[in-house]
Amino acid sequence: MEYNFNEIEHKWQQLWMKDGTYTVSNNSDKPKYYVLDMFPYPSGAGLHVGHPLGYIASDIFARYKRLKGFNVLHPMGYDAFGLPAEQYAIENGIHPAVSTDKNIATFRKQLDNIGFCFDWTREVRTSDPHYYKWTQWIFLQLFNSWLNRQTQKATPIQELVTIFEKEGNKNQPFPNEKFRISNLVPMTIGDPIFTAEDWAAFDATTRQAILMEYRLAYCGYGEVNWCEALGTVLANDEVVNGVSERGGHPVVKKKLRQWYLRITEYADRLLKGLQEVDFSEAMKEMQTNWIGKSSGAEIQFTIDHSPLTLTVYTTRPDTIMGVDFMVIAPELDLVDQIKTPEQAKAVDEYIAYVKSRSERERMSEKKISGVFTGAYAVNPFDGRLIPIWISEYVLAGYGTGAIMAVPCGDERDFKFAKHFNIPITNIIGTHFNGEEANATKDAVLENSGFLNGIPMREAMELVIQTIEEKGIGKRKVNYKMRDAAFSRQRYWGEPFPIQWKNGTAYALDAATLPLELPEVDSYKPGPEGEGPLANIPEWVARELETNTMPGYAGSSWYFLRYMDPHNNTEFASRPATDYWNQVDLYIGGTEHAVGHLLYSRLWTKALHDLGYLSFDEPFKRLVNQGMIQGSSRFVYRINGTNTFVSHGLITDETSFDGKTLDKIHVDVNFVDGTELDIDSFKKWKNNEFANAEFIFEDGKYYCGTEVEKMSKTKFNTVNPDDLVNKYGADTFRMYEMFLGPVEMSKPWDTKGIEGVHRFLKKLWRLFYKDVAPGTELQAQAVWTNDTPTPAELKILHKAIRKIEEDNERFSFNTGVSAFMILVNELTDLKSHKKQVLESLLIMISSYAPHIAEELWQALGNTSSVLDAAFPVFNEVYIKESEKEYPISVNGKMRTTMTLSLEATQPEVEQLVLASEVVQKWLDGKPPKKIIYVKNKMVNIVV
RNA sequence: GCCCUGGUGGUGGAAUUGGUAGACACGCAGGACUUAAAAUCCUGUGGGCAGCAAUGUCCGUGCGGGUUCAAGUCCCGCCUGGGGCACCA
């Protein structure tokens, strides 16, 4: 009988759905296990072979855990708000909800094809009002809380009001000086402290403005990419080289009112939490670097001939006597106040240039640029005048937006000084060679006035103490991380449950949620950079917030909703969150390393603090899946002609025979390896290339290749549906795993899937023989009830151990190969023992569930293989008494010898030295030393 | 630019704790079965040199150094592909 995968897979998918095989209960005696995938954004392009990589891995693991006796939660849903649907709406007038629903239907169909064990009764969609009702509700929790610095916990803001009434804010200082709504709060510099009496005297507006400075979700002003020509705010993605991607219009920075999450208040807890989670070291490092905790000092410098001061943040206060110039961020207001008339023109021109630059460009620019403001700061210790420059490499958002530059100790400062011929003071003696900066902390200070002769590490402390005593600075812990911008001037996102009254934001009553997205006539931006909601008169009349929430709002807590997805009175019931608790295993790409993962951790901590959750880290173990890249194919057309040159004939990709070449992506689906299918190419894109002519090599046209992101515009996507149709879901699942380690990125190549398909057919033949059609089913079955031999049990148990180990360490590629070895060995032994085959089927059911279930039931089992118990490894069957050891001479393997595992050092030495090969390599010389590592190797040192 | 990560045969990859480099596949070559094809099966397959052969021998894990009895694995310095860098998700 033939392996008819299409029929088998449809049959079982329908039966499993009918029986609710994947429905998971919140009540179970079994231990729980929560396996979670990062849910997808349902793009219009549908699923490509890259998407399911992580899903298949998690699916295998979820099924494996089920076989191991766990109650496994393995849900799926959609991150359904987002920019592409809105852009599509602008271009085609289709409501994003409509296109999103359509895309989701496509995704669902594609996912179903692959045979995942998702519990679809728990599906969530972030754009569903039943879902975002709770996103809004959580937002209000954040809006109505602040982080109490004494307890380090999110606390209802009402308690803060009580504290202010009693003692003012002396014990609860303003958390953040960067996003002050300065017009509303009278204090603007330093640590503004007010008393209980002050508080009592403030009017309601001032009080609300002050509370806003504390809220975990707060409103402030921030810069956005503003494109005047399009009248809209652009994502970083949409800005290329300072102009809009669409249309190439100029883009400048513009300050707009924005919502923020005060994630900086959680910086320390987010750092500390990393110690208790099982993430890769790389992931922890990335998050740690992103948070960017540093300690140093804030130092105020007076400005010569000016009442103003310049505050810099430095991690190296010990180098204060080596400061040769200051650099401040061009966008600081201070620049305008201190620039001298002579320098004003140059300064203004430079600011205009910087305004057109993205932060990314500013940071990666190698070319040194900057302008002297004409002003000088005064070194508080020796009165030396220090020129103040502006340069794009200093960003306003980090520290105070100003640095003291010490060229002998900092590479960037050094290059800047060299470029502008600024004299360099050497404070580290011989540690500085004049050729490059030396960031050492081990030097003894020279040329440093009161610090002369003091080692740098000691000087740091001394300088901090001194500036604190003099009242010109203070010790300061700083974070590179900034508060998270939490609003978008867009339509397709969650509306904020916020009403503005006379410039003050008030929370809507939670009982009125959800605040649903209104219908709009057009998805075009509103006036003055506001979002589309600002175009709706009724919305504006109700004084509702016109911003919407960003993409990561809904994804910051979706893992909680899966636990209790239909709850209408809470985001999830406490018994449900207590039962499912943390996500035991979370799988997704590293591209979410610092965004989504940090925000989810923040939301979880806040909800925990406010008493809604028993845990404060959402994800216990995180596995990062690599990205499947596309392998693009190119054809090369001689510019201005219809002639295409085969890749092997050109030496560089831009020209051929003195003529310019156009490098054009072609659809990988009609290229075999690198050989172009000419007929398909000619018919492609409505016969666009019907008249193409070719310069062949060996009668064939070969394409160029490049590894790029998989994307429709590059014509390098491969649709899983096609592969499932041709080879079946089980083959597809196993092949995706067989490609390589889940964590690693790799280009997709369909070649090779045949091998996995052949393997499944070979598995099938362990049960049924190929015979003429029409033969009785019984006559085709080849399995027997005989007792397995020791040899059969040995290969089986070796496989059990290997596969269990591979599953646990997420090494599914070697898992697949272990199945191949097992099937190869059983085939070689002509072994068809039911007892062995059943164990094999149970193990392989998590990789290839359909074929496993089919054969399992063919063997006479009446319950599903999905609920069987994973076979138990027994060492007895694989015990060895001897081993073939590699014998090395001077570390080079020369021969092998089979030795008893019981052998002792003297025995081994004697046996090994007796070997002819060893004698030959010894060449008469006596061995210096014989290294024998039991069960590993023997090495003879001569 | 900064942070993270990868680089092993013609290809995807294996080598889990420093201990037989190339498991398992793809591809390729040769063979069996077949009128033929498909399917299936068998054999070989890192490179060089020597040999009819069995085999022997040298080289070999991006490049250059180092540690070690022993390095794909550890250390130092480079080259290079990928991801992220705060409004793509």
Side-chain angles (χ1 to χ4, degrees), chain A residues 2 38-43 79 81-84 87 224-225 233-239 258 280-283 285-286 288-290 292 359-366 393 397 412 480-490 550-552 555 589-596 598 624 626-627 629 673 707-709 735 738-741 743-749 751-756 758-759 761-762 765 770 805-806 809 811 813-814 816-821 824 827 884-896 928-931 933 935-942:
Chain A
E2 264 204 2
M38 288 187 187
F39 61 170
Y41 174 77
S43 81
D79 189 9
F81 277 130
L83 211 46
Q87 193 54 40
V224 294
N225 299 312
V233 175
L234 296 178
N236 284 338
D237 260 34
E238 301 173 300
V239 184
Q258 302 284 352
S280 71
E281 284 309 310
M283 175 62 59
E285 222 168 306
M286 274 191 270
T288 303
N289 293 339
W290 177 268
E359 235 174 65
R360 185 89 51 84
E361 287 168 330
R362 286 172 60 173
M363 286 187 293
S364 20
E365 183 59 69
K366 280 187 193 169
Y393 80 83
R412 222 161 21 166
K480 200 155 77 199
M481 180 168 67
R482 313 199 285 259
D483 281 340
F486 195 67
S487 49
R488 303 291 182 259
Q489 290 69 45
R490 303 281 178 190
Y552 66 82
S555 63
T590 42
E591 65 269 26
H592 300 285
V594 287
H596 161 64
L598 277 174
N624 293 115
M627 191 179 268
Q629 294 146 328
V707 172
E708 303 178 289
K709 262 194 184 176
Y735 182 58
F738 192 57
L739 274 180
E743 302 90 334
M744 218 97 90
S745 291
K746 54 232 152 192
W748 177 265
D749 184 1
K751 280 194 167 184
I753 196 167
E754 298 267 2
V756 173
R758 248 173 248 164
F759 156 74
K761 286 201 260 187
K762 199 166 176 180
R765 285 199 305 274
D770 279 329
E805 254 174 36
D806 285 347
R809 70 189 175 104
S811 178
N813 56 328
T814 54
V816 173
S817 109
F819 283 117
M820 289 175 168
I821 292 169
N824 286 347
T827 304
E884 187 186 40
Y885 281 87
I887 312 295
S888 303
V889 178
N890 283 338
K892 287 203 166 153
M893 216 278 282
R894 295 303 180 187
T895 186
T896 58
K928 209 187 273 174
K929 195 172 170 190
I930 296 178
I931 292 156
V933 182
N935 211 7
K936 292 270 186 196
M937 43 60 71
V938 179
N939 186 23
I940 299 134
V941 187
V942 190

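So you know, we letter chains A, B, ... as the sequences are listed, proteins then strands, and number each from 1.
You'll find the side chain of A:Thr827 stays beyond 4.5 Å of the side chain of A:Arg765, heavy atoms only. Side-chain atoms of A:Phe738 and A:Met820, non-hydrogen and from C-beta on, do get closer than 4.5 Å to each other.
Look at the C1' atom in both B:U61 and B:U20: the space between them is 15 Å, to the nearest Å. A gap of 36 Å separates the C1' atoms of B:G10 and B:C69, to the nearest Å. A distance of about 40 Å separates the P atoms of B:G60 and B:U40, rounded to the whole Å. Look at the C1' atom in both B:U80 and B:U8: the space between them is 16 Å, to the nearest Å. B:U68 and B:U57: their P atoms are spaced 28 Å apart (whole Å). The separation of B:C26 from B:C75, taken at their C1' atoms, amounts to 37 Å, rounded to a whole angstrom. Comparing the same atom, P, in B:G83 and in B:G72 gives a spacing of 30 Å after rounding to whole Å. Using atom P as the reference point in both B:U73 and B:G65, the two lie 15 Å apart (nearest Å).
Rounded to a whole Å, the CG atom of A:Asn236 is 13 Å from the C1' atom of B:G84. If you take NZ of A:Lys761 and P of B:C41, they are 9 Å apart, rounded to a whole angstrom. The distance between atom CG of A:Asp806 and atom P of B:C24, rounded to the nearest whole Å, is 15 Å. Atom CE in A:Met363 sits roughly 13 Å away from atom P in B:G1 (whole-Å rounding). Spacing between atom CE of A:Met627 and atom C1' of B:G81 amounts to 14 Å, rounded to whole angstrom units. Between the CZ atom of A:Arg758 and the P atom of B:A38 there is a distance of 12 Å, given to the nearest Å. One atom, CZ of A:Arg360, and another, P of B:G83, lie 12 Å apart when rounded to the nearest Å. Between the C1' atom of B:G83 and the NE2 atom of A:His592 lies a distance of 11 Å, rounded to the nearest Å.
Heavy-atom minimum distance, A:Glu238 versus A:Val233: OE1-O, 4.5 Å. What you find for A:Tyr735 and A:Val756 is that their closest heavy atoms are CD1-CG2, 3.8 Å. Looking at every heavy atom in both residues, A:Leu739 comes nearest to A:Asp749 through CD2-O, 4.5 Å. Residues A:Val941 and A:Asn890 approach most closely at CA-OD1, 3.5 Å, considering heavy atoms. Residues A:Pro886 and A:Met937 come closest through the heavy atom pair CG-CB, 3.7 Å.
For the 3.5 Å distance criterion, the side chains of A:Asp79 and A:Ser555 fail to qualify, holding no donor opposite an acceptor. If you check the side chains of A:Asn824 and A:Lys762, you find a donor sitting under 3.5 Å from an acceptor.
As the counterpart of B:A39, no nucleotide is assigned, since no Watson-Crick or G-U wobble pattern has both distances under 3.5 Å. Partner assigned to B:C85 is B:G1, using Watson-Crick or G-U wobble distances below 3.5 angstrom. Of all nucleotides present, only B:C26 satisfies the Watson-Crick or G-U wobble test against B:G10, with each distance under 3.5 Å. Both distances falling under 3.5 Å, in either a Watson-Crick or a G-U wobble arrangement, occur for no nucleotide opposite B:U67. If you check B:U34 for Watson-Crick or wobble pairing at under 3.5 angstrom, you find it has no partner at all. Look at B:C49: its Watson-Crick or wobble partner, with both distances under 3.5 angstrom, is B:G56.
The side chain of A:Phe738 sits closest to B:C24 out of B:C24, B:C87, B:A21. Which of B:C24, B:G84, B:C88 sits closest to the side chain of A:Pro84 comes down to B:C88. Listed candidates were B:G82, B:C69, B:G6. Nearest to the side chain of A:Asn939 is B:C69. The side chain of A:Lys480 lies closest to B:A86 when the candidates are B:C88, B:A86, B:C4. Taking only side-chain atoms of A:Glu591, from C-beta outward, the nucleotide of B:A86, B:G84, B:A23 with the closest atom is B:G84. Among B:A15, B:U11, B:A89, the nucleotide with an atom closest to any side-chain atom of A:Thr814 is B:A15. Considering only side-chain atoms of A:Lys936, the nucleotide from B:G12, B:G19, B:A86 that sits closest is B:G19. Side-chain proximity of A:Gln629 to the nucleotides B:G82, B:A89, B:C88 is greatest for B:G82. Listed nucleotides: B:G19, B:A14, B:A89. Nearest to the side chain of A:Met937: B:G19.
Within the structure, a side-chain polar atom (N or O) of A:Arg765 is placed less than 4.0 Å from OP1 or OP2 of B:C41. For the pair A:Arg809 and B:U16, the criterion of a side-chain N or O lying under 4.0 Å from OP1 or OP2 is not met. Between A:Asn824 and B:A25, a side-chain N or O to OP1/OP2 separation shorter than 4.0 Å is present. Between A:Arg894 and B:C58, a side-chain N or O to OP1/OP2 separation shorter than 4.0 Å is present. For B:C24, neither phosphate oxygen OP1 nor OP2 lies less than 4.0 angstrom from any side-chain nitrogen or oxygen of A:Lys762. Side-chain N/O atoms of A:Asn813 include none lying less than 4.0 angstrom from OP1 or OP2 on B:C24.
On a pure distance criterion of 3.5 Å, no polar donor-acceptor pair joins the side chain of A:Glu743 and the base of B:U5. In this model, no side-chain donor or acceptor of A:Asn289 finds a partner on the base of B:C3 within 3.5 Å. The base of B:C85 has none of its N or O atoms less than 3.5 Å from a complementary donor or acceptor on the side chain of A:Glu359.
A:Ala593 comes within 4.0 angstrom of nothing in the nucleic acid, heavy atoms only. Residue A:Gly82 is in sugar-phosphate contact alone, with no base atom involved, counting any heavy-atom pair closer than 4.0 Å across all strands shown. Nucleic acid contact class of A:Ile931 (heavy atoms, under 4.0 Å, all strands): base. Within 4.0 Å of A:Val816, counting heavy atoms only, lies no atom of the nucleic acid at all. Residue-level contact check: A:Gln258 touches the bases, meaning some heavy atom is under 4.0 Å from a base atom. A:Ser487 comes within contact range of at least one nucleobase, with a heavy-atom separation under 4.0 Å. If you check every strand for non-hydrogen atoms under 4.0 Å, A:Glu238 touches nothing. Using a 4.0 Å heavy-atom cutoff across all strands shown, A:Val756 reaches no nucleic acid atom at all. When heavy atoms are screened at a 4.0 angstrom cut-off, A:Glu285 is found touching the sugar-phosphate backbone but no base atom. Among the atoms of the strands shown, only primed sugar atoms or phosphate atoms (P, OP1, OP2) are found under 4.0 Å from some heavy atom of A:Pro741.
Of the candidates A:Thr895, A:Val889, A:Thr896, A:Met893 forms a side-chain contact (heavy atoms from CB on, under 4.5 Å) with just one, namely A:Thr896.
Taking the syn range as angles within 90° of 0, the glycosidic angle of B:G9 is syn.
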